[in-house]
Number of protein chains: 2
Amino acid sequence: MNELDQRIVHALAEDARRSYADIGAEVGLSAPAVKRRVDRLRAEGAITGFTVRVDPAALGWETEGFIELFCRRNTSPDSIHRGLSRYPEVASASTVTGEADAIVQVFASDMRHFERVLERIAGEPFVERTKSVLVLSPLLRRFSSGSPG
Amino acid sequence: MNELDQRIVHALAEDARRSYADIGAEVGLSAPAVKRRVDRLRAEGAITGFTVRVDPAALGWETEGFIELFCRRNTSPDSIHRGLSRYPEVASASTVTGEADAIVQVFASDMRHFERVLERIAGEPFVERTKSVLVLSPLLRRFSSGSPG
DNA sequence: GATGAAACTCCATAATT
DNA sequence: AATTATGGAGTTTCATC
């Protein structure tokens, strides 16, 4: 991935529906040349897809928070993944170093909804206890990664 | 935002470069009808843009972590935002309830890079101390939100 | 190897019904 | 909201460097 590829990815990060001709004019390539590079980046896995950026608040998901998970001994990352993927409210989850075993980002419609999700997650068999914080202001959200699943 | 809008957003979330005709065929609308709804959702702020989904690892951003920020008294969310937006490594940042004042998500090329970023952020005038964890496995990443800034 | 030009197909978009 | 019409975009082909 060279500098030209990076500029193309950067352009797509700002507006994924921009035309290849438009991007080409910016980086100094023809439309087919841009498309070929995008196709290659997709094939290589550097680009995993294109998605829409939504405003959670505008969709009625006004309450956001992070839940730290303290799991039972011998809980595999895979079982955490399987347990959490059933919740549509879970936006992201990662196993982490430190005291907690995982950090889970949750979007809920309101506080009651958040509390309900928190209680259900805390009640999962692999979860021993949780510690959660609420987001006050989302200051910055820059890019998207990973798969849609 | 009714059920039809949600299905359109869902389709765009999976592939933001799909044609309106294609999406229309799925939800039972003509291409112009889909476009009108997308335009309206953008005007209303429910859709804030379209972006590319990248694989951080494929781009060489192999190291991910969360940094909790404990700020000086009277630090405004806006000054945190201004301070952090200069770091390309910062993917997201939010002010939160609890002991810490903000949670910052950082992508770095490797551990040395992460450490360098951490030290620079910890050295920001509004930062009193930090507490950080490293991501072991990203289990789930579901959707994108907010503005590119 | 990667590129640009051309050709062809399909899409986006505006106007009309 | 569907249909129609048109300018523009996506995509393939091919010649070129």
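In what follows, chains carry the letters A, B, and so on, assigned in the order in which the sequence lines appear, proteins first and then strands, with residues in each chain numbered from 1. What you see is a predicted model; the values in this text were computed from it and never measured.
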S.K.: For A:S19 and B:A33, find the nucleotide of DNA chain D closest to each by heavy atoms; which residue's nucleotide sits nearer the 5' end?
M.R.: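 Upstream on the strand: B:A33.
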
S.K.: How close or far is atom C1' of C:dA14 from atom OH of B:Y20, stated in whole angstroms?
M.R.: 14 Å

S.K.: When you measure only distances, ignoring hydrogens and angles, does the side chain of A:R36 come within 3.5 Å of the base of C:dG4 through a donor and an acceptor?
M.R.: yes

S.K.: Rounded to the nearest Å, what distance is computed from the CD1 atom of residue B:I23 to the P atom of nucleotide D:dA1?
M.R.: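 Nearest whole value for this atom pair: 15 Å.
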
S.K.: Just grab all the side chain to side chain donor-acceptor pair (under 3.5 Å) pairs involving residues 90-99 of chain B, residues at least two apart or on different chains.
M.R.: B:S92-B:Q105

S.K.: Determine the interplanar angle of the B:W61 and B:H113 rings, folded into 0 to 90°, and report it as parallel if under 30°, tilted if 30 to 60°, perpendicular if over 60°.
M.R.: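 It falls in the tilted class, 30° to 60°.
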
S.K.: From CZ of A:R37 over to P of D:dG10, roughly how many Å is that when rounded to an integer?
M.R.: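 Answer to the nearest Å: 17 Å.
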
S.K.: Let me know, please, whether B:A31 or A:V34 comes out on the 5' side of the other along DNA chain C by nearest nucleotide.
M.R.: A:V34

S.K.: What is the distance, rounded to the nearest whole Å, between atom CG of B:L4 and atom C1' of D:dA1?
M.R.: 11 Å

S.K.: Salt bridge check, B:E68 against B:R129: does any charged N sit closer than 4.0 Å to a carboxylate O?
M.R.: no

S.K.: Using atom CG of B:L29 as one end and atom C1' of D:dT3 as the other, report the distance to the nearest whole Å.
M.R.: 14 Å

S.K.: In terms of side-chain heavy atoms of B:S30, which of D:dA2, C:dG4, C:dA14 is nearest?
M.R.: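 That would be D:dA2.
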
S.K.: Identify the two heavy atoms, one from B:V104 and one from B:L84, that lie closest to each other, and give their separation to 0.1 Å.
M.R.: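 Result for this residue pair: CG2-CD1, 3.6 Å.
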
S.K.: Looking at B:R17, I'd like to know whether one of its side-chain N or O atoms comes within less than 4.0 Å of OP1 or OP2 on C:dC11.
M.R.: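 For C:dC11, OP1/OP2 do not have a side-chain N/O of B:R17 under 4.0 Å.
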
S.K.: Counting side-chain heavy atoms from CB outward, which of D:dT3, C:dT3, C:dT13 is closest to B:K35?
M.R.: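 Closest nucleotide among those given: C:dT13.
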
S.K.: What's the CZ-P distance between B:R18 and C:dA12, to the nearest Å?
M.R.: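 The distance from CZ of B:R18 to P of C:dA12 comes to 11 Å, rounded to the nearest Å.
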
S.K.: Once you round it to whole Å, what is the distance between C1' of C:dA2 and CZ of A:R40?
M.R.: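 Rounded to the whole Å, the gap is 10 Å.
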
S.K.: One thing to verify: whether A:E124 and A:R120 come together as a salt bridge, which I'm taking to mean a side-chain N less than 4.0 angstrom from a carboxylate O.
M.R.: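 Here A:R120 does not pair with A:E124 in a salt bridge, since their nearest N and O are not under 4.0 Å apart.
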
S.K.: Tell me the interatomic distance from B:D22, atom CG, to C:dC11, atom P, rounded to whole angstroms.
M.R.: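 Computing the B:D22:CG to C:dC11:P distance gives 7 Å.
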
